[in-house]
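One structure is given below, encoded as structure tokens.
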Number of protein chains: 2
Amino acid sequence: MTSSRDEARPQFTSVTPVRAYESVVAQIEDAVFTGQLVPGDRLPSERDLMAQFGVSRGTVREALRVLESGGLIRSRPGDPGGATVQANSSARLAKALTTFVKLGQIGVGELIEFRMVVEGSAVRLAAELHDEAALGAMEEAFARMEEAAGVSYEAFSAADVAFHLAVASCSSNSLFSACSEFARDTVLALTTENLKESGDPSERIQETLRRHGAYLQAIRDRDGRTAEALARQDLVDYYGPHLSPDERARIRLLLLPVG
Amino acid sequence: MTSSRDEARPQFTSVTPVRAYESVVAQIEDAVFTGQLVPGDRLPSERDLMAQFGVSRGTVREALRVLESGGLIRSRPGDPGGATVQANSSARLAKALTTFVKLGQIGVGELIEFRMVVEGSAVRLAAELHDEAALGAMEEAFARMEEAAGVSYEAFSAADVAFHLAVASCSSNSLFSACSEFARDTVLALTTENLKESGDPSERIQETLRRHGAYLQAIRDRDGRTAEALARQDLVDYYGPHLSPDERARIRLLLLPVG
DNA sequence: TAGGTGTACTGGTAGGACCAGTGTGCTAGA
DNA sequence: TCTAGCACACTGGTCCTACCAGTACACCTA
């Protein structure tokens, strides 16, 4: 008799208790994902939200903190109308990657490898796909670098970052942009002190200019393969001397043939 | 006179108010990042933390929610000793990427591009650097795929993922492994329904086996360039038919010459 | 000794209170 | 009439207290 009932026996699945604030987060996230809330829109105030969701203010606030840490909203006291829905979300991706790096004890070598691959691909796509406007933006960023070269090392560094950013955004793949931005920031944070005290700064600057100029030329020529090869080579030459022989050998494996 | 004081004038910089919970988050994050807290360790209870930090319980809870949403800790009621420090995982990365996708900042095409580049490089490094044990692991993962091919599509998929994981981990760059893992997860989540209803499953399985076998052979030969080229080609052939002509053209730009 | 039960923790949530910013409208003064 | 300044209403930031619901562990009983 029991066996005849077996087929009809309901299949229960394990449940995980859902905390109130998680429901709140999910509902607001959903509203953003589905476009009911677009960047610039304002959420109701915390006191309104607690009425709408039927929860206490503490619960609402926990939800808002989670959303804020995810970069979805931003709240500021005194702002009429409550928290603001934010536009960018690459910040969250970058933060997640940074956490990963810090937890995983990832070394500079691995980060350089990552940069070679991601920035290289971004350069390649930028070379193949850029239009007039995009090329103009890259040319201008490069010009800024040349200007800043005479000012200070810091100014040049900033212009350098801006140039990489311009190139990456021309790849029209925001994942590449976000990842190369994160990797560059992290590498810089790890190596600034080492690089500064090594070699003649102005020589470094000239060398960097020359290299970047070279692959900008390849971009102009729409020669993606060459541009990528040069970009990767650039990183190897720039950071290689500061790595262990082991790491140096590894990153060399990722070089591409030129021409 | 004022001009003589100008040089001594202190340079004030803009300040951003730091909220109490942010300090709490920062301190706990720091403890985890510096290794004072390792996965499995327990934080003090919320009531203890509020005493240690000198803030209210609400503030402590907001901080813990942020940390929890970041995947750094996990808390459960009744657990003696408070929240548990979590092991590093790519789960948070996948979530951040999913958010990125859902916000419409990125499409499947861009994800495929990212996978081509990252997985390709992982395969290349695996080919160049693997030792006996690593090769054994990859061979075994491939054998599992062959076994699972006769069982079910789901089993095969799982074995497929495991194979990619084995290869990625042989690149000995955890950034590559993690990135290819979360990118693959996200792509699968976005495309599973589309791929299932297209073509003969068993034919897809055989095709996948053949391709993977091909670049496993290149790995055996320590031919990193070929292995990477094949891995990238694999992705183009596998996903290309399901992309728009535009996206298809883009991902083709990232192909590498074979041989 | 084995089992059940009670207790002392844990986090989850509610509600109230106060402070400190911020924007706006109104008012008093020019 | 116009404007400068102030008061107010609103925002989030923080604190406090209280209670509920799980969990683990020790104790107590059969």
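Throughout, a chain's letter reflects where its sequence line sits, starting with A, and its residues are numbered from 1.
Between B:Thr59 and D:dC15, a side-chain N or O to OP1/OP2 separation shorter than 4.0 Å is present. Contact annotation: B:Arg76 does not reach the phosphate of C:dC9 (side-chain N/O to OP1 or OP2, under 4.0 Å). Taking 4.0 angstrom as the limit, B:Ser45 places a side-chain polar atom (N or O) nearer than this to OP1 or OP2 of C:dT10. Taking side-chain N and O atoms only, A:Ser56 has no distance below 4.0 Å to OP1 or OP2 of C:dT13. Taking 4.0 angstrom as the limit, B:Arg61 places a side-chain polar atom (N or O) nearer than this to OP1 or OP2 of C:dG12. Contact between the side-chain N/O atoms of B:Ser75 and the OP1/OP2 oxygens of C:dG11 is not found at any separation under 4.0 Å.
Remark: C1' of D:dG12 and CG of A:Leu43 are 13 Å apart, rounded to the nearest angstrom. Between the P atom of C:dG15 and the CG atom of A:Leu49 lies a distance of 15 Å, rounded to the nearest Å. When the C1' atom of C:dG11 is taken as reference, atom CD of B:Glu62 falls 16 Å away, rounded to whole Å. Put simply, CE on A:Met50 is 12 Å from P on C:dA17, counting in whole angstrom units. The separation between A:Glu46 atom CD and C:dA17 atom P is 18 Å, rounded to whole Å. Taking atom CZ of residue A:Arg57 and atom P of nucleotide D:dA18, one finds them 20 Å apart after rounding to whole Å. D:dC10 atom P lies 16 Å from atom CZ of A:Arg42, rounded to whole Å.
Taking 3.5 Å as the limit, the base of C:dG11 and the side chain of B:Arg65 contain no donor-acceptor pair of atoms between them. For a distance-only test at 3.5 Å, the side chain of A:Arg47 qualifies as a donor-acceptor partner of the base of D:dG12.
Side-chain atoms of B:Ala20 lie closest to D:dT14 of the nucleotides C:dG12, D:dT14, C:dA14. In this structure, of D:dG13, C:dA14, C:dT13, it is C:dT13 that holds the atom nearest to the side chain of A:Arg19.
Electrostatic pairing of A:Arg65 and A:Glu68 counts as a salt bridge here, judged by a charged N lying under 4.0 Å from a carboxylate O. Remark: B:Glu181 does not engage B:Arg184 in a salt bridge, criterion side-chain N to carboxylate O under 4.0 Å.
Between A:His212 and A:Phe142, the distance from one ring center to the other does not fall under 6.0 angstrom.
Using cut-offs of 30° and 60° for the angle between ring planes, the A:Phe114 and A:Phe182 rings count as perpendicular.
Mapped onto DNA chain D by nearest heavy atom, B:Asp79 and B:Val55 fall at different nucleotides, with B:Val55 at the one closer to the 5' end. The residue among A:Gly78 and A:Gly54 whose nearest nucleotide of DNA chain C is located toward the 5' end is A:Gly54.
Within 6.0 Å of atom CZ in B:Arg144, 12 or fewer heavy atoms from other residues, nucleotides or ligands are found, so the atom counts as exposed in its surroundings.
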